[in-house]
Amino acid sequence: MQLLIRGGRVVDPAYNIDDTLDVLLDDGKIAQISKHLEADGSKVLDASGLVVAPGLVDMHVHLREPGFEAKETVATGCAAAARGGVTTLVAMPNTRPATDCPEIVTLVREKAISTGVSVLPAGAVTVGQKGQVLTDFAALKAAGVPALTDDGIPIQNLALLRQAMIEAKALGLPLLDHCEDRDMVQNYAVNEGKISQALGLPGRPAVAEELQIMRDVMLAEDTGAHVHICHISTEKGVGIVRQAKANDIHITCETCPQYFTLTEDEVLHRGAMARVNPPLRTQADVEAVRAGIVDGTIDAIVTDHAPHTAEEKSKPLPDAPSGMVGLETSLALALTGLYHSGLLHLSRVLALMSTSPATLLGLNKGTLGVGQDADLVIFDPDQAWTIDKNQFVSKGRNTPFHGRTVRGKVKCTISRGNIIYQEG
Ligand code: DOR
Ligand code: ZN
């Protein structure tokens, strides 16, 4: 089946392409990119006035299945991904049972097939994410995991973490780490600072994140492993990664729209909807995260899409679970916060959301190179719209961005040559 995408502004960060071009898809692959292509008999999609880019690669998504289907399923999470322009995602292993063996990896992958989205389950580092016994990394790799992580329940035992890095390095798998010292953050709801004080609640200190980033940097240097810091949120954390990179240590990191858009003040307006781990921080942290994005310290923008039920999120702040959904808003928030604000060129925003995460995971994704999988997002970069959680196809409605007006709207998402989302 052929599909001709005509007249769009084609942006491919991998090849430095930013030009008005036609793109021909054939048999699920990119067949040709050129000016004024003709293809008799193929379906034509008019992309004039729109941007045509590599499908987004979101390397941090909680799909919740198996075990927490009331929050999200593979099907609903992937529908949300498609609506957000995401064609490849890494699914976090904090499911029930945890994704700690090949059987669960296979189960999640099989459930994803009919969605059209490329779902790569990350393997748990420890059995049951209990932080005690390492999983069989080789078996997980053979089952198709692109990375290992105990996200949500980070490993605290340093001897075990070091051993995990040694084994991950031997297999060429990156280790993705949610950095927060568990004893310091407990189950606290907000950043430690003026908001925790105002609310009379214990807070999660920035240093709890920074200490573990520092620790990971030292262990990455020691073991030579590729360690990827998840959802970085603090000024000093960004500084530690910047320094580690300057020292040629194999560290990469990601952040999320909430960390370059919102501060801890949001908790006063939104309550539990603004509760997330790591927590929303201060204005200085937001600015440092933006600076880290601009200077390349931060390698990827991800969602940390973490759906919870309305019932769970309606609990009082100290009792509600942490997390916010993000798949249906990430491109618009990134365009609004980073591109329309003048911080980044369009191509750079797209690189952070596709080419760069694909590269750091070693995936053949995130580019429109001829012969590659025909994974594309087509969007209006300027269109203003108001985020409405009631329009989400995700089961999760837990967003602090409800009612916010943003710019940039996904019109069509194509995965391996198939249209998996089209507006209207
Ligand atoms: O806010 C969060 N929610 N942070 C995590 O690390 C886990 C996630 C979840 O699973 O809900
Ligand atoms: Zn996390």
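Whatever order the structure lists them in is the order used to number ligands and atoms, beginning at 1. Reckoned from all heavy atoms, side chains included, excluding hydrogens, waters and symmetry mates.
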With atoms numbered from 1 as shown, which atoms in ligand 1 lie under 4.0 angstrom from a non-hydrogen atom of [X]?
| X | answer |
| --- | --- |
| A306 | 3 (N), 8 (C), 9 (C), 11 (O) |
| V276 | 1 (O) |
| H308 | 11 (O) |
| G152 | 6 (O), 7 (C) |

[X] and [Y]: side-chain donor and acceptor closer than 3.5 Å?
| X | Y | answer |
| --- | --- | --- |
| T126 | Q132 | no |
| R281 | T234 | no |
| S118 | R416 | yes |
| D151 | H60 | yes |

Charged N to carboxylate O below 4.0 Å: is that the case for D295 and K245? no

Run the salt-bridge test on D373 and K365 with the 4.0 Å N-O cut-off and return the result as yes or no. yes

Just let me know how H60 lines up against ligand 1, side chain, backbone, both or neither, with a heavy-atom cut-off below 4.0 Å. neither

Checking contacts here: is it the side chain or the backbone of S322 that comes within 4.0 Å of ligand 1, counting heavy atoms only? Could be both or neither. both

Please list, in chain and residue-number order, the protein N/O/S atoms closer than 2.8 Å to the Zn ion (ligand 2). D151 OD1, H178 ND1, H231 NE2

If you measure from atom 7 (C) of ligand 1 to every heavy atom of H231, Q258, H62, M92, which option wins on shortest distance? H62

Heavy atom of R64, distance to ligand 1 below 4.0 Å: yes

Got the closest protein heavy atom to atom 1 (O) of ligand 1, with its distance? N277 N, 2.9 Å

Might you work through the side chain to side chain donor-acceptor pair (under 3.5 Å) test for S196 and E192, ending with a clear yes or no? CA-CA 5 Å; S196 65; E192 182 183 287; over 6 Å; no

Would you please classify the geometry between the H231 ring and the H178 ring as parallel, tilted or perpendicular, with 30° and 60° separating the classes? perpendicular

Does the ring of F392 carry R83 above it, NZ/CZ under 6.0 angstrom from centre and within 45° of its axis? no

Which atoms form the tightest heavy-atom contact between T282 and T263, and what is the distance? C-CG2, 4.0 Å

